[in-house]
Amino acid sequence: MHTLLVEDNDRMAHALGTALAVRGHTVRRVSRAQDALRHAGEAEFVLLDLGLPDLDGLELLRRLRPLCAAPLIVVTARCEEHDIVGGLRAGADDYVVKPFRMAELMARIDSVRRRTSPAPGASGTEPSAPGEPAAGRPGPVRAGDTVIDLAARTVTVAGAPVRLTRREFDVLAYLAARPGEAHSRAEILYRLWGDALRAASRSLDVHVAGIRTKTGRPHLVRTVHRFGYQLGPGTGGEPAAGDAQEPPAVPGPAHR
């Protein structure tokens, strides 16, 4: 696994590089945004600090995503809600706040790798819902005027393509694979994140909000009160209470 480490602090970069190398990664460390953009195409995994000397890290993340589809975790001292939400919506697969335990970061890397590297022959989603092809590529799932193509990993609304982040699509595809079922938060977190840590729970809320906003269909993902989520009708009707609301802020440390 070739990892691009974007970190301007030499001591942190050394610690991360050593831990990654022990786990079999080859590491290219860069300290500037321009160098990150230059080497993005060769990366199989990215660790991104937001406090860079030549460009804000969130802006770098937005520029990286069209160039690099590799899994990416933000590792930063920024713990404000707008930074966390901005990072996840810009395409980060996870967001880790400094200071952190190295073992936890390595576990999060493994979790993201499991989710983004399905086993050979796997579609990356749950088995097809009734009415979909039983074998081969799963067929598209329709919810009103929204079409979710699980195999091609595309979403269209009223015939127009909608660009979701990788994690947003994973959440939507998981619900669409079994459209008649409600899924608990714990189930979704376990299946897609590999754990139910508080940060992952926050990520789920952010990505659901992103799906609703980007599709313009706030009822596409229906909130099941005190339980979880379900694929909604796509169009028509009013969203359930809380469906279109942002989740509450999560208290965090004051480190910067």
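Counting begins at 1 with the first residue of the sequence. Remember, it's a predicted structure, so these values are computed and weren't measured experimentally.
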Which heavy-atom pair separates [X] from [Y] by the least distance, and what is that distance?
X    : Y    : answer
V97  : F100 : O-CB, 3.7 Å
L50  : R78  : O-NH2, 3.3 Å
A36  : V6   : CB-CG2, 3.8 Å
A176 : L150 : CB-CD2, 4.2 Å
E59  : L55  : CG-CD1, 3.9 Å
L64  : A40  : CD2-CB, 3.5 Å

If hydrophobic clusters are built by linking Ile, Leu, Val, Met, Phe, Trp and Tyr wherever their side-chain heavy atoms come under 4.5 Å apart, do [X] and [Y] end up in the same one?
X    : Y    : value
I211 : V147 : no
L58  : L72  : yes
L16  : V112 : yes

With a 4.5 Å heavy-atom cut-off, do [X] and [Y] have their side chains touching?
X    : Y    : answer
E181 : Q230 : no
R89  : V206 : yes
L192 : V171 : yes
D8   : R32  : no
R113 : I109 : yes
K98  : V75  : yes
L189 : L204 : yes

Report the distance from atom [atom1] of [X] to atom [atom2] of [Y], rounding to the nearest 0.5 Å.
X    : Y    : atom1 : atom2 : result
T76  : M12  : OG1   : CE    : 10.0 Å
T154 : F169 : OG1   : CZ    : 6.5 Å
L47  : L105 : CG    : CG    : 6.0 Å
H219 : T146 : NE2   : OG1   : 8.0 Å
R38  : L67  : CZ    : CG    : 12.5 Å
L37  : C68  : CG    : SG    : 10.0 Å

Run the salt-bridge test on [X] and [Y] with the 4.0 Å N-O cut-off and return the result as yes or no.
X    : Y    : value
R29  : E7   : no
R28  : D35  : no
E187 : R191 : no
D205 : R185 : yes
D93  : R65  : yes

Original post:
Counting only N and O atoms by type, is there a donor-acceptor contact under 3.5 Å from the side chain of D54 to the main-chain atoms of A33?
Top reply: yes

**OP:** Answer yes or no: is there a donor N or O on one side and an acceptor on the other, between the side chain of E104 and the main chain of R101, under 3.5 Å?
**Re:** no

Original post:
Would V224 and H183 count as a side-chain contact (heavy atoms from CB on, under 4.5 Å) if you check the C-alpha gap in whole Å, the side-chain angles of each, and the deciding distance to 0.1 Å?
Top reply: CA-CA 8 Å; V224 180; H183 303 271; over 6 Å; no

**OP:** Assess whether atom NE2 of H2 is packed by more than 12 heavy atoms of other residues, nucleotides or ligands within 6.0 Å.
**Re:** yes

**OP:** State whether the number of non-hydrogen atoms from other residues, nucleotides or ligands found under 6.0 Å of R62 atom CZ is greater than 12.
**Re:** yes

Original post:
Between L175 and I188, is a side-chain contact (heavy atoms from CB on, under 4.5 Å) present by the stated rule, with each step listed?
Top reply: CA-CA 9 Å; L175 301 179; I188 298 169; 4.1 Å; yes

Subject >> I73/Y95 under side-chain contact (heavy atoms from CB on, under 4.5 Å): CA gap, chis, key distance, verdict >> reply: CA-CA 6 Å; I73 296 179; Y95 193 107; over 6 Å; no

**OP:** Please assess L172 against L231 for the test side-chain contact (heavy atoms from CB on, under 4.5 Å), listing each intermediate value before the final yes or no.
**Re:** CA-CA 8 Å; L172 183 58; L231 188 71; 3.9 Å; yes

Original post:
Between R166, R108, R167, which is the residue that forms a salt bridge (Lys or Arg N to Asp or Glu O under 4.0 Å) with D94?
Top reply: R108

Original post:
Taking T3 as the fixed residue, which of R23, E44, H25 is the one that meets the side chain to side chain donor-acceptor pair (under 3.5 Å) rule?
Top reply: H25

